[in-house]
There are 2 protein chains.
Amino acid sequence: MSSESAEQGASMARAGDGRSPTIYDVAKVAGVSHQTVSRLLKGEGVRPKNRERVLQALEELGYRPNLAARWLATNKSHRVAVLTQEIGQVGPGRILQGVGAEARQAGYLLDIITLDVSDRSAIDEAIGQVNGEDIAGILALASTDEMIAAFAHAEFRVPAFIGAEEDDALGEHPAQRNARGLDQVVDHLVGLGHRRFFQIAGPRTWVAARNRELAYERSLSRYGIASLGTAYGDWSAASGYEAARKIPSELGITAVVAGNDQMALGAILALSSSGLDIPGDVSVTGFDDIPEAAYLCPPLTTVRLDFEEQGRDAFRRLVTQLEGRSSAPGIMTAELVERASSGPARSG
Amino acid sequence: MSSESAEQGASMARAGDGRSPTIYDVAKVAGVSHQTVSRLLKGEGVRPKNRERVLQALEELGYRPNLAARWLATNKSHRVAVLTQEIGQVGPGRILQGVGAEARQAGYLLDIITLDVSDRSAIDEAIGQVNGEDIAGILALASTDEMIAAFAHAEFRVPAFIGAEEDDALGEHPAQRNARGLDQVVDHLVGLGHRRFFQIAGPRTWVAARNRELAYERSLSRYGIASLGTAYGDWSAASGYEAARKIPSELGITAVVAGNDQMALGAILALSSSGLDIPGDVSVTGFDDIPEAAYLCPPLTTVRLDFEEQGRDAFRRLVTQLEGRSSAPGIMTAELVERASSGPARSG
DNA sequence: GACGCAAACGTTACCGCTCACGTTTCGTGC
DNA sequence: GCACGAAACGTGAGCGGTAACGTTTGCGTC
């Protein structure tokens, strides 16, 4: 019996004796009350002498806070519901990866709900479902009109936040920087002599799609060029294919600018099926730089985004909101990647 | 802007008494003890009369269990750590989606850790990190040798489970069914007259890659054909490209079977860059059926897997393990999708 | 040196649930 | 109708934290 108590101090490291140390254990070792330990952990004032002893005890025992107890006591969970587009696509997947990394670092748990972010009733249902649970907040990873409307009307019991591109006004706002990648695309194509442009944009209900569309048009107008047409897809390769098939050949388009890589590759297939050479007859550009982009035939000129950082940033912003602070979005980089799908405009 | 308007303070939806009902509230309304309520919730025996009254009270108050309290009392969290390959690829993303769906349904929370599943030290670090926390279990979503070794050597304080393809013996074991998709690929190609095969396999440290490799060879041998060579990639398009470039032209290969779609598309680029026509000169097949597969040029013949179900199944199996039961893997479907990247063998 | 006032600290009481254990109820066999 | 045992039920304690409040400590002031 007595040997057990002696052993107690030393043997904590391994699971062996069962439970992990509590603040009471730490307090006993440090010779203070559990409240002092709690205070120190919360960052409140503790006298240097005690601070040191507690810190040492903390270290010695390998203390880790018990989330459940804290959650129960404060009635504030560290659980965040994440609403995201189905992760078949690469972008959402990587964003989620960033969210996950940041969440784990901040000690939050994720409740991932994938849905069709353009289906208002699906969103409402998800929000309702989640609203009844003990969650700290809701993070939506796609800003579509439906999502925005649902968020505006829902009665949240917790902070909710749409962590994605924001308004349509294309100012110097850092959140729009990624649409700014389109400036570089247009510069690049105009530099190659292109004057006859066609756009395959993402669905208009997505803010990101509108931002890109706007950026495209504003960039062209800086050169005094008007776009010869815009078709709308749904981000999928299939929709890019359909959109490109319907481009009237009499327009003499030499450059097709797509809102993402999937639509671009669909467009490439459609155009080359109808006998056009890429980039000999038509240049095609994408957006996102999916990993396969460099190995399509031809390799795709596109814009590289840092999805992971986007996810990290979104989560950070939610957390600051949970803690009652507010914050500005981080700066997103967008970088043109020139590959073989774009080339000099066909003369004539 | 849009996000700011969605931001809503903690305005309790249903006002009144504020906090949500506890089992004590329910017990009071039903005129029984809290323990009776608890027992009923756990599915233990309760006399019909009481049962009815409690159920009614439950309904009336809209009771929802407090996860934190339960967790604290049982010392069993409902938190599961998920180790997964970086989700840049589509497969892992969709698997994760399935896991998420199942987890949420079963009331579990996810702690997602993305890492390089072929980096032993990264795995060990992640396991160590997670092992100290209050988690119910660990779920690994990729079975590589490194992962298996790490799991074999780690001292787990909780159940850990690799939810992915299992052994290499290609029996009737349902887990290998998806490698069986390769049988269909081989049947298809042989039916088109191909006799000279080359394989671009995934990394040998992945069990799934080995299963596919084995399935490929066994299928060919059923026709009395020997593979003319195998190159190993790392699942990426880049590695497929490199592998295909190194295929000796004197082999007269007419069919290239790749271990996944990304490597297949890399191979297509390499082969067509060197003047070969796909599928005129060489047929190329993939595996996975990524969403873009149908829109590559040429559209890719491949095998469709149900990733989401794979994720669901993995999580279900972990849960049964958490609960002390054990279970067999579900049946995975694998379905050949014939597209334009495969065609009749060049004669001669 | 006595005093006062914060800051630092300790004590006690919860948060909502489960577990162990003691008490009641009910159906059975004689 | 009784003893009897099992099922059903109630009671109390505790999980590991935080919150509220009372007590001590240390320092500056007179």
Side-chain angles (χ1 to χ4, degrees), chain A residues 12 17-55 57-58 61-79 107 109 132-136 323, chain B residues 10 12 17-55 57-58 61-79 107 109 132-136 157 323:
Chain A
M12 279 314 284
D17 59 341
R19 28 184 78 291
S20 47
T22 72
I23 54 170
Y24 289 91
D25 300 327
V26 174
K28 194 152 57 174
V29 170
V32 297
S33 85
H34 68 136
Q35 191 52 246
T36 300
V37 179
S38 172
R39 271 193 275 262
L40 184 112
L41 291 172
K42 254 190 304 183
E44 292 180 17
V46 172
R47 260 192 284 274
K49 190 171 175 180
N50 282 335
R51 163 180 303 266
E52 192 153 335
R53 280 157 65 181
V54 172
L55 283 176
L58 243 28
L61 297 179
Y63 171 82
R64 324 198 102 251
N66 180 322
L67 270 186
R70 188 175 288 176
W71 174 1
L72 181 60
T74 58
N75 200 24
K76 284 172 69 176
S77 78
H78 273 191
R79 173 184 191 182
L109 301 180
E133 319 245 349
D134 306 292
I135 56 169
E323 293 169 355
Chain B
M12 284 292 175
D17 50 347
R19 39 183 69 280
S20 51
T22 72
I23 53 170
Y24 288 92
D25 299 327
V26 173
K28 195 152 57 178
V29 169
V32 297
S33 83
H34 70 256
Q35 191 52 242
T36 302
V37 179
S38 171
R39 271 193 276 261
L40 185 120
L41 291 172
K42 252 189 306 184
E44 293 179 16
V46 173
R47 263 192 282 273
K49 190 171 174 180
N50 281 337
R51 164 180 302 267
E52 192 153 333
R53 281 157 64 182
V54 172
L55 282 176
L58 242 28
L61 297 178
Y63 171 83
R64 319 194 108 256
N66 181 321
L67 270 187
R70 188 175 289 177
W71 174 1
L72 182 59
T74 58
N75 198 24
K76 285 172 70 176
S77 78
H78 274 191
R79 173 186 190 182
L109 302 179
E133 319 243 350
D134 307 290
I135 56 171
R157 304 165 64 153
E323 293 168 354

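Chain naming here is simple, since letters A, B, ... match the order of the sequence lines and numbering starts at 1 in each.
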Self-check item: Interatomic spacing from CG in Leu72(B) to CH2 in Trp71(A) - rounded to 0.5 Å
Solution: 11.0 Å

Practice problem: Give a yes/no answer on whether the side chain of Thr22(A) brings an N or O atom under 4.0 Å of OP1 or OP2 in dG16(D). | Solution: no

Exercise. Among the candidates dT25(D), dG17(D), dA8(D), find the nucleotide nearest to the side-chain atoms of Arg47(B).
Key: dA8(D)

Quiz prompt | Ser38(A) side chain to His34(A) backbone, donor-acceptor under 3.5 Å | solution = no

Self-check item: Along DNA chain D (nearest heavy atom to each residue), the more 5'-positioned of Arg39(B) and Tyr24(A)
Solution: Arg39(B)

Quiz item: For the side chain of Leu72(B), counting heavy atoms from C-beta on, which of dC15(D), dT18(D), dT11(C) is nearest?
Solution: dC15(D)

Self-check item: Distance, rounded to the nearest Å, where Lys49(B) contributes NZ and dT25(C) contributes C1'
Solution: 12 Å

Quiz item: Just wondering, do Val54(B) and Val32(B) contact through their side chains at under 4.5 Å, heavy atoms?
Solution: yes

Quiz item: What nucleotide among dA8(D), dT18(D), dC15(C) has an atom nearest to a side-chain atom of His34(A)?
Solution: dT18(D)

Self-check item: Selection from dT12(C), dT18(C), dG17(D) that lies nearest to any side-chain heavy atom of Tyr63(A)
Solution: dG17(D)

Quiz item: Which nucleotide in the set dC17(C), dG10(C), dT25(C) lies at the smallest distance from any side-chain heavy atom of Thr36(A)?
Solution: dG10(C)

Self-check item: Which residue lies more 5' along DNA chain C, comparing Gly31(A) with Glu44(B) via nearest heavy atoms
Solution: Gly31(A)

Practice problem: State which of dT18(D), dT25(C), dG16(C) makes the closest approach to the side chain of Lys42(A). | Solution: dT18(D)

Self-check item: Spacing of Leu40(B) atom CG relative to dG10(D) atom C1', expressed in whole Å
Solution: 16 Å

Quiz item: Taking the side chain of Ala73(A) as heavy atoms from C-beta outward, which of dT18(D), dC19(C), dC17(C) is closest to it?
Solution: dT18(D)

Quiz item: How long is the line joining NE2 of His78(A) and P of dT18(D), in whole Å?
Solution: 10 Å

Quiz item: Between dG16(C), dG10(D), dG17(D), which nucleotide gets closest to the side-chain atoms of Gln35(B)?
Solution: dG10(D)

Practice problem: Measure from CG on Asn66(B) to C1' on dT18(C) and round the result to the nearest Å. | Solution: 13 Å

Exercise. To the nearest Å, give me how far apart CG (Asn75(B)) and P (dG17(D)) are.
Key: 11 Å

Quiz prompt | Listed partners of His78(A) passing side chain to side chain donor-acceptor pair (under 3.5 Å), at least two apart | solution = none

Self-check item: Atom-to-atom span, CG of Leu58(B) to P of dC17(C) - whole angstrom
Solution: 10 Å

Quiz prompt | Rounded distance in Å - CZ (Arg53(B)) to C1' (dA8(D)) | solution = 14 Å

Self-check item: N/O (side chain, Asn50(B)) to phosphate O (OP1/OP2, dC9(D)) under 4.0 Å
Solution: yes

Quiz item: What about Arg64(A), does its side chain sit under 3.5 Å from the base of dG16(D) through a donor-acceptor pair?
Solution: no

Quiz item: Do the side-chain N or O atoms of Ser38(A) get closer than 4.0 angstrom to the phosphate oxygens (OP1, OP2) of dT18(D)?
Solution: yes

Quiz item: If you look at every heavy atom in Ser20(B) and Asp25(B), which pair is closest and at what distance?
Solution: O-OD2, 4.3 Å

Exercise. For the residue pair Leu58(A) and Val37(A), establish whether any side-chain heavy-atom pair is separated by less than 4.5 Å.
Key: yes

Quiz item: Can you check the Lys28(B) NZ to dC17(C) P distance for me, whole Å?
Solution: 14 Å

